[in-house]
Amino acid sequence: MIQNRAPFVAAESLSAGEARRMALAAQGFSRRRPATPAVRHLHAAMARMGVLQIDSVNVFARSHYLPLFSRLGAYDPAVLDRAMLGRPTAARTGRYTEYLAHEATFLPVEDWPLWGFRRTAFRDRRGEFWGRTSSARALDRVRAELADRGPSRPADLRGDGPGGRGGWWEWDEVKHALEYLWRIGEVAIAGRDGFERRYALAEHVVPADLLGRDLPRADAIAVLVHRAARAQGVATAADIADYYRIKDRSAVLAAIRDLEQAGTLVAVRVRGWERSGRPIPAWRHEDAVLARRVRTTAVLSPFDPVVWFRDRALRAFSLDYRIEIYTPAAQRRYGYYSLPVLVDDRIAARVDLKADRSARTLLVQSAWWEPQARPAADAERIAEELRVAAGWQGLERVSVSGWGDAADALADALHAHPERVHRHDVGRTERLRAID
């Protein structure tokens with residue numbers, strides 16, 4: 001946990017509710033959803049978030065589609081595909097690429113020079129990452145193949161070369177080489193086929209004027225600290241560090257001090273943000289807006305910046321959240337893919353969603369109220385958002401199980417449109433078997 005050891009003097013004080021509204025406004029949740037979301041809305045949302053985390057789980061929708069749905073409503077996912085994934089048969093020359101800016105994320109290609117310090121760190125840890133005696137030969141082979149073939153999937157490069165699966169995620173030698181070269185910046189992502197990456201030499205993806213222009217480490221971290229603070233509105237040093245997974249505590253604090261001296265960050269005390277009875281130092285970005293109110297209903301991805309840092313989610317939203325996809329079925333409390341639901345400035349519920357595409361049905365596998373819920377008022381609003389989510393995924397019906405203390409209220413609210421809702425009262429054990 002990053003803490004500032006120097007005396008902390010807050011210039012202003014915020015209530016916990018004001019901090020939540022400020023944080024949500026910075027992420028775009030105080031804005032009215034566009035009637036017809038277009039590519040310009042996607043770009044604007046990306047500019048506010050800075051990064052969009054990628055994840056392969058596809059129970060309801062792949063995670064990187066969800067943050068934009070949460071902010072924009074039922075946009076056409078093909079818009080994201082065109083903007084983010086690029087043309088799978090050509091080198092990527094678009095607006096976005098991928099890198100490990102949080103975990104694996106989409107981010108603007110113009111940010112390439114910011115990540116030189118992270119690429120250098122991976123290069124310095126080559127032995128830790130690679131650990132194979134044949135690594136030099138495999139790297140040379142992959143470089144040569146990409147120079148000859150252009151953007152390629154791992155399968156395109158394997159041919160009759162050395163295989164031998166093992167190690168991380170059952171990767172073989174070619175995949176290891178591609179991932180290592182991507183981490184150190186010799187390779188970049190040139191789009192995807194479905195969810196499978198296409199790799200290319202960096203010069204075939206990144207504009208020439210961005211190559212070889214890496215910022216010095218301290219300068220890059222200063223830029224990222226500024227962006228993280230702006231994207232969160234009000235944040236602690238730990239919140240800021242986690243946004244781009246910067247582990248150098250001293251560098252983060254030095255950047256915060258510089259931004260504070262410049263007037264870009266203002267020290268604040270958020271009432272309720274405490275540890276051992278003492279306030280946790282926090283800062284408000286100069287561009288942060290204190291929304292008078294936030295009027296929204298949104299299903300959040302587990303990898304949404306609003307909730308992806310567990311400490312911040314608990315401190316700011318009283319949400320004790322951990323995704324349970326890696327938890328043994330019998331030990332899950334809320335369900336395999338349980339998603340927080342934002343109602344105005346509160347996390348009011350969590351719902352475990354699954355798209356049953358063969359039956360064209362959105363399955364609400366479980367539904368639970370959070371302590372901040374106002375069930376009588378929230379149920380209808382969440383039900384309506386579930387209808388929107390189903391339609392966005394091309395599903396015709398919503399089906400609610402009987403698991404969870406919010407299930408009855410949501411089923412009742414959805415029954416206002418009985419032709420579009422069903423009730424599947426299955427036992428917990430059977431339900432868990434069905435989704436595993």
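Note: hydrogens, waters and symmetry copies are ignored here, and every other heavy atom, side chains too, is used.
- Put simply, OG on S301 and CD1 on I323 are 7.5 Å apart, with the number rounded to the nearest 0.5 Å.
- With respect to the salt-bridge test (charged N to carboxylate O, under 4.0 angstrom), the residues D304 and R71 qualify.
- Remark: R315 is positioned above the aromatic ring of W273, its terminal NZ or CZ atom under 6.0 angstrom from the ring centre and at most 45 degrees off the axis.
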Distance-only donor-acceptor hits, side chain of residues 208-220, under 3.5 Å, sequence neighbours excluded:
unit_1, atom_1, unit_2, atom_2, d
R213, NH1, D209, O, 2.9
D214, OD1, R119, NH2, 2.7
D214, OD2, R119, NH2, 3.4
R217, NH1, D248, OD2, 2.9
R217, NH2, D248, OD2, 3.0

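- Under 4.0 Å is where a charged nitrogen must lie from a carboxylate oxygen, and between E370 and R350 at least one such pair does.
- Residues that satisfy the side-chain hydrogen bond (donor to acceptor under 3.5 Å, both in side chains) test with T105, not counting sequence neighbours, are absent from this structure.
- There is no side-chain donor-acceptor pair under 3.5 Å between S399 and T361.
- Taking the centre and axis of the six-membered ring of F195, the NZ or CZ atom of R62 falls inside the cone set by 45° and 6.0 Å.
- No side-chain donor-acceptor contact under 3.5 Å links N58 and S56.
- Every residue two or more places apart in sequence or in another chain that forms a side-chain hydrogen bond (donor to acceptor under 3.5 Å, both in side chains) with Y199 is listed here: K175, E179.
- With W368 as the aromatic partner, R333 does not meet the cation-pi criteria of under 6.0 angstrom to the ring centre and within 45 degrees of the ring axis.
- Between D344 and the choices R381, R20, R21, the salt bridge (charged side-chain N to carboxylate O under 4.0 Å, His left out) rule is met once, by R381.
- Sorted by first and then second residue, the salt bridge (Lys or Arg N to Asp or Glu O under 4.0 Å) pairs involving residues 27-42 (not counting sequence neighbours) are R33-E385.
- At a cut-off of 3.5 Å, with distance as the only test, a side-chain donor of R245 or H102 sits close to an acceptor on the other residue.
- With sequence neighbours excluded, the residues satisfying side-chain hydrogen bond (donor to acceptor under 3.5 Å, both in side chains) with R143 are D140, E186.
- Look at R192 and E196 and you find no salt bridge, because none of the NZ, NE, NH1 or NH2 atoms lies under 4.0 Å from a carboxylate O.
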Sequence neighbours excluded and cut-off under 3.5 Å, please list the side-chain donor-acceptor pairs for residues 46-54, or say none.
none

